[in-house]
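Below is one structure, written out as structure tokens; the observations come after it.
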Amino acid sequence: MPELPEVETVRRGLERHLVGRRIERVEVGRERSVRRTSREAVIAGLIDTVVEAADRRGKYLLLPLDSGDTAMIHLRMSGQVLLAVGGADRPAHTHVVLCLDDGNEAWFVDPRTFGEVVVFDPDNVEVELPELARLGVDPIAEPFDAPTLRHAFGATSRALKPLLLDQHVVAGIGNIYADEILHRARLRPDRPASSLDRRHLATLQRSIVDVLTEAIEAGGSTLGDAQYVDLMGKGGSYQDVHRVYGRGGERCLTCARGWIRRSVTGGRGTQWCPICQR
DNA sequence: AACTGTCCCTGCAAGC
DNA sequence: TGCTTGCAGGGACAGT
């Protein structure tokens, strides 16, 4: 499932292969992938534009265009962006195709169709893409220190795991990295944020930055059914160093004493070590 | 404010 | 072997 490190890896691919390219032709297969507006709006918004940059905020990929509009791609559960030579066989569930002026194609592939593609006016983001306007701080793309985290949490009685998953609080963390970050910080997922002192907050802030940075360096995590891959179809390797995610019932690799517990916190499967995490 | 539940959708795994 | 059922998951949203 693409989270910040996976989306960042895709962003870097887009920066290399899409920036500076003119989009000559656009195909939209399934309308569901462009449901926020329409097939016609997305085609008209993309065709004959030049991609000027590849940005990211949280899990949102942002491609400013020379028209003044910005294309947004959200991968959600199962979305992929793949680069291919024009005319190559497309995989099942290829819903949007951008034909580029260098002969390549960018494909938006998304079996579960939770993802989306939209072209919006950044000056009207509040109306056209309100979730993006209300996104919390991005811990990699924006300045992010312990006071920033304390401010983002604010006064709340909520538990750490749902807070980390809340995109309005911190942007980009999903289920995998929330569990890995809390294990690194040695904090229980159900612990109320209000119980953290300054030292805990500093540890948590460092864990967020370190886990995400290491995961980006590893090209993200590729596992299970929702096969995340980068623009060239290559998987990441961070799953090889997961300490808790997907390891419920196994012995903790960190303390070698606890058994990784599986519980439900904030409606999401959560894995954590009752010995390491307090 | 914060919680729970529902919906969207598909592929995979478990159970029959 | 082949069906059915259930579950996972990001995030918006409605209801409590």
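Just so we're on the same page: letters track the sequence lines, and every chain starts at 1.
Within the structure, no pair that satisfies the side-chain hydrogen bond (donor to acceptor under 3.5 Å, both in side chains) test touches residues 59-75 of chain A, not counting sequence neighbours. Each side-chain hydrogen bond (donor to acceptor under 3.5 Å, both in side chains) pair with one or both residues in residues 150-160 of chain A, not counting sequence neighbours, appears once here: A/Arg158-A/Asp166.
Closest to the side chain of A/Thr113, from the set B/dG11, B/dC9, C/dG9, is B/dC9. Candidate nucleotides C/dG9, B/dC9, B/dT10 were compared by shortest atom distance to the side chain of A/Arg32, and B/dC9 ranks first. Of the candidates B/dT10, C/dG10, C/dA8, the closest approach to any side-chain atom of A/Glu3 belongs to C/dG10.
Within the 4.0 Å cut-off from OP1 or OP2 of C/dC7, not a single side-chain nitrogen or oxygen of A/Arg262 is found. Side-chain N/O atoms of A/His93 include none lying less than 4.0 angstrom from OP1 or OP2 on B/dC9.
The nearest whole Å value for the distance from the CD atom in A/Gln271 to the P atom in C/dA8 is 11 Å. Here C/dG10 presents its C1' atom at 13 Å from NZ of A/Lys161, a figure rounded to the nearest Å. A straight line from CZ of A/Arg112 to C1' of B/dC9 spans 8 Å, rounded to a whole angstrom. Distance CG (A/Leu164) to P (C/dG9): 16 Å, rounded to an integer number of Å. Rounded to an integer number of Å, the gap from CZ of A/Phe114 to C1' of B/dT10 is 8 Å. In this structure, the CG atom of A/Asp179 is 14 Å from the C1' atom of C/dA8, given to the nearest Å. The interatomic distance linking A/Asp166 (CG) with C/dG10 (C1') rounds to 12 Å, in whole Å.
For the pairing with A/Tyr177, the side-chain contact (heavy atoms from CB on, under 4.5 Å) check across A/Leu165, A/Leu4, A/Leu212 returns one residue only, A/Leu212.
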Checklist line | salt bridge (charged side-chain N to carboxylate O under 4.0 Å, His left out) between A/Asp138 and A/Arg56, worked out | finding: CA-CA 9 Å; A/Asp138 184 301; A/Arg56 181 192 57 74; 2.6 Å; yes
Margin query: Test salt bridge (charged side-chain N to carboxylate O under 4.0 Å, His left out) on A/Glu15 and A/Arg11; report intermediate values, then the result.
Written below: CA-CA 6 Å; A/Glu15 188 159 67; A/Arg11 187 201 68 76; 3.1 Å; yes
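Considering only heavy atoms from C-beta on, A/Val28 stays 4.5 Å or farther from A/Ser33 through its side chain.
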Checklist line | Under 4.0 Å protein heavy-atom contact, by nucleotide of nucleotides 11-16 of chain C - B base, S sugar-phosphate only | finding: BS----
Distances under 3.5 Å between protein N/O atoms and the N/O atoms of nucleotides 2-4 of chain B, please, pair by pair.
unit_1	atom_1	unit_2	atom_2	d
B/dA2	OP1	A/Thr156	OG1	2.8
B/dA2	OP1	A/Ser157	N	3.2

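No hydrogens or angles considered: a donor-acceptor pair under 3.5 Å links the side chains of A/Thr254 and A/His183.
For A/Ser207, the side-chain contact (heavy atoms from CB on, under 4.5 Å) partners two or more places apart in sequence, or in a different chain, are A/Ile181, A/Arg184, A/Ala185, A/Thr203. For A/Pro274, the side-chain contact (heavy atoms from CB on, under 4.5 Å) partners two or more places apart in sequence, or in a different chain, are A/Arg261, A/Trp272.
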